[in-house]
Amino acid sequence: MIRPHDLLWTDNADALIFPGAAPAWATRQCELPLVVRRDLPRDGAIPVGIRGATRAQRAAAWLPPAAVRRRVTPQALVAGLSAASPFADLPPVRALLTLAAQPWRWAWGVTGSCGYALATGLPVMHADSDLDLTVRCPQPVERAALQALAQRLRTLPCRVDMQIETPHGGFALNEWLRDGRVLLKTNGGPYLTDAPWSALQE
């Protein structure tokens, strides 16, 4: 199953469906991975984001499943991590190596600039970059366990943004612990809830 934050490669940039005119730079970037994003499918096509050479270059599109050549998950990036990585001296990767050596109760992975750098070898993160993580929690998790997880993250050498993934969407760990309610990001759009493991009631 393809999920948000997965990285997809394609050999067919012409298969991409854009909501309007395709940015001139976008098709030149399609030898690099596309990032699965949260949105509704379009005629069965997967919502993806395209990263350009600068932070200002970001585009939304859809990619038909038949055009996917390769897929890498956030979890696979952690499983393939090595201290021999060319980025191993950067704080986000040092933090990631520390976390990878510890036992985990849930499936988890790396996203954001760190994940993209590990997948491509491109220097898109720097010493001050945050470490973005995603944790799959299909069942409700007791608050004490999430507080312990947050405390572990505070000992790392960089700022960590952790998204908790439920069957209905993803939310920020820190927001949940601070407020007891979150902006749950779903394919149909975000909404505020104090029950992120429950489907939105009409």
Side-chain angles (χ1 to χ4, degrees), residues 1-8 33-38 47-49 51 55 58 71-83 85-187 190 193 196-197:
M1 178 187 297
I2 292 176
R3 302 175 184 271
H5 307 296
D6 286 356
L7 299 176
L8 306 179
L34 310 170
V35 184
V36 178
R37 58 186 178 83
R38 297 187 194 279
V48 295
R51 294 178 61 126
R55 292 183 67 88
R58 298 289 187 270
R71 168 180 170 241
V72 172
T73 67
Q75 294 81 15
L77 291 172
V78 171
L81 184 64
S82 165
S85 166
F87 304 112
D89 289 337
L90 292 176
V93 178
R94 295 207 319 268
L96 196 59
L97 286 164
T98 297
L99 291 173
Q102 299 174 1
W104 278 77
R105 174 177 166 183
W106 309 282
W108 68 286
V110 58
T111 64
S113 61
C114 183
Y116 198 83
L118 292 173
T120 64
L122 296 174
V124 294
M125 66 173 160
H126 49 77
D128 296 325
S129 293
D130 294 345
L131 176 61
D132 296 299
L133 302 176
T134 181
V135 178
R136 287 171 54 191
C137 297
Q139 302 297 326
V141 179
E142 59 274 19
R143 186 178 182 86
L146 293 179
Q147 287 174 326
L149 178 56
Q151 181 61 39
R152 190 197 315 181
L153 299 180
R154 284 193 284 270
T155 67
L156 298 172
C158 67
R159 184 176 182 276
V160 179
D161 286 327
M162 178 168 283
Q163 289 280 313
I164 304 296
E165 298 285 336
T166 80
H168 309 292
F171 65 87
L173 171 63
N174 288 337
E175 186 180 0
W176 177 248
L177 294 177
R178 184 187 66 232
D179 302 331
R181 65 186 321 213
V182 292
L183 188 68
L184 189 70
K185 300 172 184 175
T186 76
N187 288 345
T193 181
W197 280 274

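Below, all heavy atoms of this structure are taken into account, side chains as well, without hydrogens, waters or symmetry copies. What you see is a predicted model; the values in this text were computed from it and never measured.
Across all non-hydrogen atoms, the minimal contact from Thr186 to Arg38 is O-CB, 3.8 Å.
Side-chain contact between Arg51 and Val124 is present, with at least one heavy-atom pair separated by less than 4.5 Å. In this structure, the side chains of Trp197 and Cys137 come closer than 4.5 Å at one or more pairs of heavy atoms. Ile164 places a side-chain heavy atom less than 4.5 Å from the side chain of Leu146. The closest side-chain heavy-atom distance from Val35 to Leu7 is below 4.5 Å. Residues Gln102 and Arg152 meet the side-chain proximity criterion, which asks for heavy atoms closer than 4.5 Å. The shortest distance between side-chain heavy atoms of Thr111 and Asp161 does not fall below 4.5 Å.
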N/O donor-acceptor pairs under 3.5 Å from side chains in residues 170-180, not counting sequence neighbours:
from   : atom 1 : to     : atom 2 : distance (Å)
Glu175 : OE2    : Leu183 : N      : 3.1

Between side-chain atoms of residues 113-123 and protein atoms elsewhere (two or more places apart, or another chain), which donor-acceptor pairs fall under 3.5 Å?
from   : atom 1 : to     : atom 2 : distance (Å)
Thr120 : OG1    : Tyr116 : O      : 2.7
Thr120 : OG1    : Leu122 : N      : 3.1

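The only option from Leu99, Leu131, Thr134 that meets the side-chain contact (heavy atoms from CB on, under 4.5 Å) definition with Val110 turns out to be Leu131.
Residues meeting the side chain to side chain contact (heavy atoms under 4.5 Å, CB included) test with Ala127, sequence neighbours left out: Leu90, Pro91. Every residue was checked against the side-chain hydrogen bond (donor to acceptor under 3.5 Å, both in side chains) condition with Arg94, not counting sequence neighbours, and none meets it. Judged as a side chain to side chain contact (heavy atoms under 4.5 Å, CB included), and not counting sequence neighbours, the contacts of Arg71 are Ile2, Asp6, Leu8, Thr73.
Note on residues 99-110: pairs passing salt bridge (charged side-chain N to carboxylate O under 4.0 Å, His left out), not counting sequence neighbours, are Arg105-Glu142.
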